[in-house]
Every structure is written in C-alpha cells, then in structure tokens.
Protein chains: 2
Amino acid sequence: MSQETGDEDDFAAQANLQAIMEKRRRRRESHNAVERRRRDNINDRIQELGTLLPESMTAEEGGVARLNKGTILRKSVEQIRMMQKDLRDYQQRVRELEETLNQLNHQNSSRRARNTTTTTTRMQQHV
Amino acid sequence: MSQETGDEDDFAAQANLQAIMEKRRRRRESHNAVERRRRDNINDRIQELGTLLPESMTAEEGGVARLNKGTILRKSVEQIRMMQKDLRDYQQRVRELEETLNQLNHQNSSRRARNTTTTTTRMQQHV
DNA sequence: GGGAGCACATGAGCTA
DNA sequence: TAGCTCATGTGCTCCC
C-alpha cells in the first residue's frame with residue numbers, strides 16, 4: 001500500500017466521521033429544542049392552573065403561599081373535587097326549588113294564571 | 001524531603017480524594033432519589049387529574065384519546081373554567097327561583113300559611 | 001453543608 | 001426513518 005492511498009483513506013474516513021458527527025449534532029440540537037418546547041408547554045399549563053385556584057387555597061396562613069408545581073397540582077385536584085360536589089349540591093337545590101314551584105303553581109292554577117316559569121332547569125354537567 | 005514523606009503525602013492525598021469522591025457520590029445518589037420522588041409525585045397528580053376529566057373530554061372522536069401530560073393539563077384547565085361558569089349559572093338560577101318563591105309566598109301570605117322554605121341558599125364558592 | 005425545587009440535555013421507546 | 005413523549009441524572013440556585 002502506498003502512503004498516498006493511506007492518506008486518502010484517512011481523509012475520506014475523517015470527512016465521513018465529520019459528516020456523521022455533524023448530523024448527530026444537528027439531530028441532538030433539534031431534539032433539545034423540541035423537548036424544551038414540550039417542557040415549556042407543560043409548565044405553562046401548570047402555571048395556568050395556579051392562577052385558577054381560589055383565594056382560599058392560594059392564601060397560606062402566615063404569609064405567601066408557596067406555589068411550586070407539586071402544590072399547584074395537588075390543590076387543583078382538590079379544587080376540582082370540591083367543585084364537583086358543589087355542582088351536585090346546586091343541582092339538587094335547583095331540583096327542590098323547581099319541585100316546590102311546580103306544586104305552588106298547581107295549587108294556584110284553578111283561578112290564577114301561571115306567573116312563573118315551570119320549565120325544568122337542565123344545565124351543563126361538566127363533571 | 002525524604003521519599004517517605006512524599007509517599008505519606010501521596011497516601012494522604014489519595015485517601016482525601018477517595019473521601020471526597022465518596023462524599024460526592026453519596027450526595028449525588030441522595031439527590032437523585034429525592035428528585036425521583038418529586039417527579040413521581042408530580043406525575044401522580046397529573047395522572048389523578050386525568051381520571052377527574054369528564055367522559056366528554058377524554059373521549060376523542062375516532063378512537064382512543066391520547067392522554068399525555070400536556071393534554072391532561074390543557075383539558076384540566078378547560079374543565080375548571082367550564083365548571084366555574086356552570087357554578088355561576090347555577091347560583092344565578094337558584095337566586096331566581098328563590099326570588100320567585102318568595103314573591104309567591106308573599107302573595108299567598110294573606111290567608112294561607114307558608115308552605116315552603118324561604119331561606120336563601122348560600123353555598124360554597126370554590127371558584 | 002445539606003435539602004428542595006427547577007431547567008436542561010440525553011437516551012429509550014412508541015407510532016405513523 | 002422522523003417525530004413525539006417520557007424518565008433519568010445532573011448542575012444551579014435558594015433557603016435553612
């Protein structure tokens with residue numbers, strides 16, 4: 001083997017290696033960027049959840065509430081559970097009131113025009 | 001300087017290095033464990049939020065809903081906003097119904113005993 | 001000095 | 001193969 005051939009091989013191998021490394025670097029950086037966008041999205045959502053928390057939850061006794069990711073998520077779970085219960089209670093209360101109203105209207109229907117709506121409330125149920 | 005002194009210094013330096021490395025390794029592993037616990041906690045909360053989503057949100061048209069962290073958090077924000085609106089609507093509806101009932105009771109109060117409660121509903125407001 | 005929270009880069013795994 | 005999500009380890013920064 002001549003020395004020249006060896007050098008050529010070396011050059012070729014070197015160039016090949018450089019190309020591979022370049023490609024790898026490109027892919028790595030692209031991957032990093034995508035991953036960062038994903039992280040930012042998740043963090044933004046968590047932060048948004050934090051802004052949706054009621055005062056009663058964000059206010060900690062003594063001073064400023066420490067709103068790290070864990071507590072934001074924990075309180076959000078708690079809040080959703082409470083709101084679900086509140087919605088059920090309201091729904092029940094509305095049912096009772098409508099029932100009473102219907103009975104009253106029925107009693108008065110003999111000689112008096114209906115003066116209130118008797119429609120049954122049907123609201124969204126985002127529970 | 002004697003050779004013995006040099007060796008002793010080497011040994012001492014070596015031992016010192018080992019101790020430092022050991023300490024560093026310990027701290028690193030401890031930190032890793034703590035960090036893993038923190039991550040697990042956050043992930044568990046997100047997963048819990050996922051289970052609290054209503055069917056209408058988890059069911060995607062066409063097939064299985066892809067519930068990755070981002071979508072869980074996005075839908076949770078959406079859900080909380082909807083529930084807050086629903087709660088306001090219910091509150092308003094209850095107010096209206098109670099108002100109507102009070103008026104009716106007043107009209108009939110001349111010769112008829114009150115047959116319904118006139119108490120005003122005051123429910124929790126976890127918004 | 002040590003614990004807690006966070007952002008980051010990176011490799012592994014899944015799906016079109 | 002390319003793109004996306006995820007878990008992990010690690011360094012940095014506060015705060016005790």
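Letters A, B, ... mirror the listed sequences (proteins, then strands); counts begin at 1. Not measured: the values here are computed from a predicted model.
- Look at A:Lys69 and you'll find a side-chain N or O under 4.0 angstrom from OP1 or OP2 of C:dA7.
- Summarising the geometry of B:Gln79 relative to B:Leu52, their closest heavy-atom pair is NE2-O, 3.4 Å, with the distance given to 0.1 Å.
- Using a 4.5 Å heavy-atom threshold, the side chains of A:Arg88 and A:Gln84 count as touching.
- Whole-Å rounding puts the B:Arg24 CZ to C:dG2 P distance at 13 Å.
- Proximity of a side-chain donor or acceptor of A:Thr100 to a complementary backbone N or O of A:Glu96 within less than 3.5 Å is detected.
- Atom C1' of nucleotide C:dA7 and atom CD of A:Gln47 are separated by 14 Å, given to the nearest angstrom.
- Within a heavy-atom distance below 4.0 Å of DNA chain C, the residues of residues 27-43 of chain B found are B:His31, B:Val34, B:Glu35, B:Arg38.
- Across all their heavy atoms, A:Leu97 and B:Leu101 have their closest contact at CD2-CD1, 3.5 Å.
- Rounded to whole Å, atom C1' of D:dT5 lies 13 Å from atom CG of B:Leu67.
- Counting heavy atoms from C-beta outward, B:Leu73 and B:Val77 have side chains that stay 4.5 Å or more apart.
- One can place CZ of B:Arg25 at 12 Å from P of D:dT10, the figure rounded to the nearest angstrom.
- In this structure, A:Ser76 and A:Leu49 approach most closely via the heavy-atom pair OG-CB, 3.7 Å.
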